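Read the numbers this way: they start at 1 and go in the same order the structure lists the ligands and their atoms. Just so it is clear, the structure is predicted and the values come from calculations on it, not from any experiment.
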Amino acid sequence: MIITMKRGASPEETQRLINSIESQGLEMHLISGTSLNVFGVVGDTTILDEKKIYGFSGVQEVTRIAAPYKLANRIFHPEDTVVEVGGLKIGGHEKIVVIAGPCSVEEEDSLLASAAAVKRAGADMLRGGAYKPRTSPYAFQGRGADGLHTLCNAREQFDMSIVTELMSIEKLDEFLEFGVDMIQIGARSMQNFDLLKAVGRTQTPILLKRGLSNTIEEWLMAAEYIMSEGNENVVLCERGIRTFEKYTRNTLDLSVIPIVKEHSHLPIIIDPSHGTGHRQLVEAMSLAAVAAGADGLIIEAHHDPEAAWSDGAQTVAPEQLQQIIAKGKAIAHVIGRQM
Ligand code: PEP
Ligand code: MN
């Protein structure tokens, strides 16, 4: 809850309000106080009655903030956050980034071929899972440390930063040793609070995917977990949510872009691959995401999609990626951005 005092409110009026709020077990924090005092009320504000607060003389406005997040909240941080990943800037008015690569890190030759192809198509960063969260324990689980090694070789060869998923705390040191440029927290881990806290204690940029069935508020609270441990380098990623619809793998919720931008200062990128599950839908959703104000795209792309070890159906070929980027640039231009 935010309480704004009138410009001419006296110190006595302000103190009476503070006494009343604090006597109820809450804290009043002055968050700006040059010409008028603005207080943030910390604690369980559900017990407060706004009308009663308006009854105190000197009070100008009481705003109930349903949102329980603070560090991720735009109210306390009006300017856009720009997250830097190996020299690449994500967010604000920076260039719209394109992250592309296969779903999983495959054998070295294959990953290098995909990396070369996405680089040629115009991607800024390389993606690929070395540890894969699969629905079936019998499905390919990823190449693990060998996969990270391969990914790092591709990074070096093609001069592209890498993003890859961390599934458990026990592998965090390994990720740090490899110098993974951006750690992805997958949809299934969005509420693994210990994992969020652990990556929050690093300074590595985090790509935080929205959970399959999570609300925007829960997602921003997950970001809050990371940030409250000291790591403010968080980029949000919408990757579709689970609905009753069967034509798509998930329902890609593009309305989150303006909503997140209103409520948070964190950058947001879109994953049209997991968001739809079908490669023929990826272009349209990518362009819509750019038009809606996304700060980037993360697209599953492979030099030979039919041979992809996982998520082939939603994986685009290099020519498609190139076309998406070409059209995306045109749309970005219309909305005053670059891609
Ligand atoms: C992925 O990016 O390959 C992935 C598994 O994503 P998500 O967590 O969104 O399903
Ligand atoms: Mn995938």
Side-chain angles (χ1 to χ4, degrees), residues 85 97-106 110-111 114-115 118 123 125-137 139-144 147-148 150-151 161-168 171 175 180-192 195-196 199 205-214 216 218-219 222-223 226 234-243 248-254 256 268-279 281-282 285-286 289 294 296-302 304-317 321:
V85 185
V97 300
V98 179
I99 305 170
C103 177
S104 14
V105 176
E106 302 175 2
S110 170
L111 194 267
S114 289
V118 302
M125 238 177 105
L126 179 65
R127 62 146 288 146
Y131 292 94
K132 295 302 302 176
R134 305 304 298 277
T135 304
S136 166
F140 170 62
Q141 304 288 305
R143 288 182 53 221
L148 289 181
T150 295
L151 207 49
S161 294
I162 52 171
V163 57
T164 191
E165 177 168 353
L166 175 68
M167 287 168 56
S168 72
K171 300 291 179 201
F175 274 52
V180 167
D181 302 291
M182 185 179 220
I183 297 175
Q184 175 173 322
I185 298 297
R188 291 154 194 84
S189 301
M190 193 208 85
Q191 285 190 315
N192 181 339
L195 184 62
L196 298 176
V199 297
I206 306 300
L207 184 64
L208 178 62
K209 289 200 151 192
R210 181 181 180 182
L212 280 72
S213 302
N214 287 110
I216 295 170
E218 287 164 342
W219 187 20
I226 298 169
V234 179
V235 175
L236 300 164
C237 177
E238 165 65 41
R239 46 79 72 209
I241 49 174
R242 185 160 283 198
T243 68
T248 46
R249 179 178 178 180
N250 292 290
T251 296
L252 184 61
D253 180 8
L254 291 180
V256 298
I268 174 168
I269 73 168
I270 298 296
D271 175 349
S273 309
H274 295 88
T276 62
H278 301 282
R279 74 168 71 96
L281 302 179
V282 170
M285 291 299 95
S286 298
L297 299 170
I298 180 165
I299 299 174
E300 285 187 340
H302 191 287
D304 180 7
E306 286 181 359
W309 286 4
S310 55
D311 284 351
Q314 67 193 33
T315 299
V316 299
L321 180 64

Practice task
State plainly whether the residues R249 and D311 are in salt-bridge range, i.e. N to O under 4.0 Å.
Solution key: yes
Practice task
Mark yes or no for whether D271, through its side chain, and S273, through its backbone, hold a donor-acceptor pair below 3.5 Å.
Solution key: yes
Handout entry: Heavy-atom closest contact (Q314 atom, E300 atom, distance)
Key = NE2-OE1, 2.7 Å
Practice task
Within a distance under 4.0 Å of any heavy atom of G186, pick out the atoms of ligand 1 and give their elements.
Solution key: 8 (O)
Practice task
Can you measure from CD1 (I270) to CZ (R210) and round to the nearest 0.5 angstrom?
Solution key: 9.5 Å
Exercise for the section: Run the contact test for K132 against ligand 1 with a 4.0 Å cut-off on heavy atoms, strictly below, and give the result. Expected result: yes
Fill in the blank from the handout: For E300, the atoms of ligand 1 under 4.0 Å from one of its heavy atoms are 3 (O)
Practice task
Over all heavy atoms of both residues, which pair between R188 and P133 is shortest? Give the atoms and the distance, please.
Solution key: CD-CB, 4.1 Å
Handout entry: From the candidates K209, M167, R210, R188, the one that places a heavy atom nearest atom 10 (O) of ligand 1
Key = R188
Handout entry: Interfacing atoms of ligand 1 (cut-off 4.0 Å, heavy-atom, R239)
Key = 7 (P), 9 (O), 10 (O)
Handout entry: Name of the E300 atom (N/O/S only) found closest to the Mn ion (ligand 2)
Key = OE2
Exercise for the section: Determine, considering heavy atoms only, which of A187, G240, S189 sits nearest to atom 8 (O) of ligand 1. Expected result: A187
Completion exercise
Atoms of ligand 1 under 4.0 Å from any heavy atom of E165, numbered from 1 in the order shown, are 5 (C)
Handout entry: Shortest-distance N/O/S atom, D311 versus the Mn ion (ligand 2)
Key = OD2
Practice task
List the steps, then state whether side chain to side chain contact (heavy atoms under 4.5 Å, CB included) holds for D253 with E238.
Solution key: CA-CA 7 Å; D253 180 8; E238 165 65 41; 3.8 Å; yes
Handout entry: Neighbour count above 12 (heavy atom, 6.0 Å) for R134 CZ
Key = yes
Problem - Protein residue, atom and distance nearest to atom 4 (C) of ligand 1, heavy-atom basis - result: H274 NE2, 3.5 Å
